[in-house]
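What follows is a short report on a single structure.
Lettering of chains follows the sequences in order, A, B, ..., and the numbering in each one begins at 1.
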Amino acid sequence: AQSVTQLDSHVSVSEGTPVLLRCNYSSSYSPSLFWYVQHPNKGLQLLLKYTSAATLVKGINGFEAEFKKSETSFHLTKPSAHMSDAAEYFCVVSGYSGTYKYIFGTGTRLKVLA
Amino acid sequence: NAGVTQTPKFRILKIGQSMTLQCAQDMNHNYMYWYRQDPGMGLKLIYYSVGAGITDKGEVPNGYNVSRSTTEDFPLRLELAAPSQTSVYFCASRGTGAHTEAFFGQGTRLTVV
């Protein structure tokens, strides 16, 4: 079985300060992990993905995430927040268990303060 | 390359009405999915398909039906709409490869009144 827990439903940061969005996962299989972003009233855009090639994954718009197997975590970070980063972020786990499904966390809404 | 296309973008239904949400992809993907998104709940899987003629239930299939007669299309049917089906619906597809991501449509916002 697979599951994802996003530890914060809301995060507020000031523009120019670091962003940390936390995600823990559970998987019986070697997981693939993803972060998607959803801007208001928009679809979902892939930020980055972990595929077992490297534990530190770089994505678009300056975001990166580190896969830590011992902690079952895949936290998303960005050194300096921009106003345009305000959105909802989803951590997603997938893996083969007879078929491929994507299991979503409940989301973290990021607010960026001027 | 259009990717995953959903129609309509918005719809208001009355209780008891039926409708079909359309989803088409032009990437020749075998896997297709329907999710619903409710505030604070993330996305929940309704139905999925691993290829033409093959569909299976996800976490929340009650009140919905699907079919997959072609690789490109994966419509979602709502019979006897209920207020609990008010949600945003996303269709997605996936290509081959162990670690590939899902590609999402722009969503359909459905309100049942």
Side-chain angles (χ1 to χ4, degrees), chain A residues 1-10 21 23 25 27 29-55 57 59-60 65 67 74 87-109, chain B residues 2-10 21 23 25 27 29-51 54-61 68 87-111:
Chain A
Q2 297 175 312
S3 66
V4 172
T5 302
Q6 291 185 244
L7 298 163
D8 306 292
S9 59
H10 293 82
L21 305 183
C23 172
Y25 71 93
S27 178
Y29 319 95
S30 177
S32 297
L33 291 157
F34 309 86
W35 277 98
Y36 282 84
V37 61
Q38 184 181 34
H39 287 93
N41 300 313
K42 299 291 187 184
L44 291 104
Q45 180 184 19
L46 180 70
L47 272 180
L48 50 80
K49 63 180 180 181
Y50 166 74
T51 63
S52 77
T55 56
V57 181
I60 61 171
F67 174 75
F74 190 57
E88 187 148 28
Y89 293 78
F90 293 98
C91 183
V92 181
V93 65
S94 180
Y96 188 72
S97 57
T99 187
Y100 288 104
K101 298 179 190 177
Y102 297 86
I103 308 301
F104 279 73
T106 51
T108 298
R109 186 165 296 278
Chain B
V4 179
T5 302
Q6 291 183 237
T7 55
K9 288 185 171 49
F10 304 93
L21 281 65
C23 176
Q25 53 93 6
M27 297 175 282
H29 287 170
N30 284 327
Y31 281 81
M32 294 187 75
Y33 308 86
W34 274 106
Y35 287 87
R36 60 176 288 169
Q37 181 182 23
D38 301 298
M41 302 294 288
L43 277 72
K44 300 291 187 186
L45 182 63
I46 305 171
Y47 271 95
Y48 66 99
S49 170
V50 302
I54 307 170
T55 63
D56 207 347
K57 297 177 181 179
E59 296 175 81
V60 290
R68 184 97 182 270
S87 188
V88 181
Y89 292 84
F90 286 98
C91 179
S93 72
R94 178 192 195 281
T96 56
H99 302 292
T100 190
E101 67 269 26
F103 294 82
F104 286 85
Q106 290 300 299
T108 296
R109 184 175 295 274
L110 175 67
T111 303

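A donor-acceptor contact shorter than 3.5 Å is absent between the side chain of A:Y100 and the backbone of B:T96.
Residue A:L46 touches chain B through its side chain alone, counting heavy-atom pairs closer than 4.5 Å. For chain A, the nearby parts of B:L43 are the backbone and the side chain; heavy atoms of each come within less than 4.5 Å. Neither the backbone nor the side chain of A:Q45 comes within contact range of chain B; no heavy atoms are under 4.5 Å apart. Contacts between B:Q6 and chain A at a heavy-atom distance below 4.5 Å are absent for every atom of the residue. Of the atoms belonging to B:A92, not a single heavy atom falls under 4.5 Å from chain A.
In this model, no donor atom of one side chain and acceptor atom of the other lie less than 3.5 Å apart for A:T51 and B:H99.
Counting heavy atoms from C-beta on, the side chains of A:F104 and B:K44 never come closer than 4.5 Å. Here the side chains of B:Y31 and A:T99 are in contact, with some heavy-atom distance below 4.5 Å. Put simply, the side chain of A:F90 reaches to within 4.5 Å of the side chain of B:Q37, judged on heavy atoms. Residues B:E101 and A:V92 have side chains not in contact (no heavy-atom distance under 4.5 Å, counting atoms from C-beta outward). Taking the side chain as every heavy atom from C-beta outward, A:K101 and B:L45 approach each other to under 4.5 Å.
The two atoms that bring A:S32 and B:A98 nearest to each other are OG-O, 3.8 Å, heavy atoms only. For the residue pair B:R109 and A:N41, the shortest heavy atom distance occurs at NH2-OD1, 3.2 Å.
When each of B:G40, B:G107, B:P39 is checked for heavy-atom pairs under 4.5 Å with chain A, B:G40 comes out on top.
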Can you list the steps and then say if B:Y35 with A:Y102 is a ring-ring contact (aromatic ring centres under 6.0 Å, His included)?
CA-CA 10 Å; B:Y35 287 87; A:Y102 297 86; 7.5 Å; no
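Looking at residues two or more places apart in sequence or on another chain, you find no ring pair (Phe, Tyr, Trp, His ring centres under 6.0 Å) involving B:Y48.
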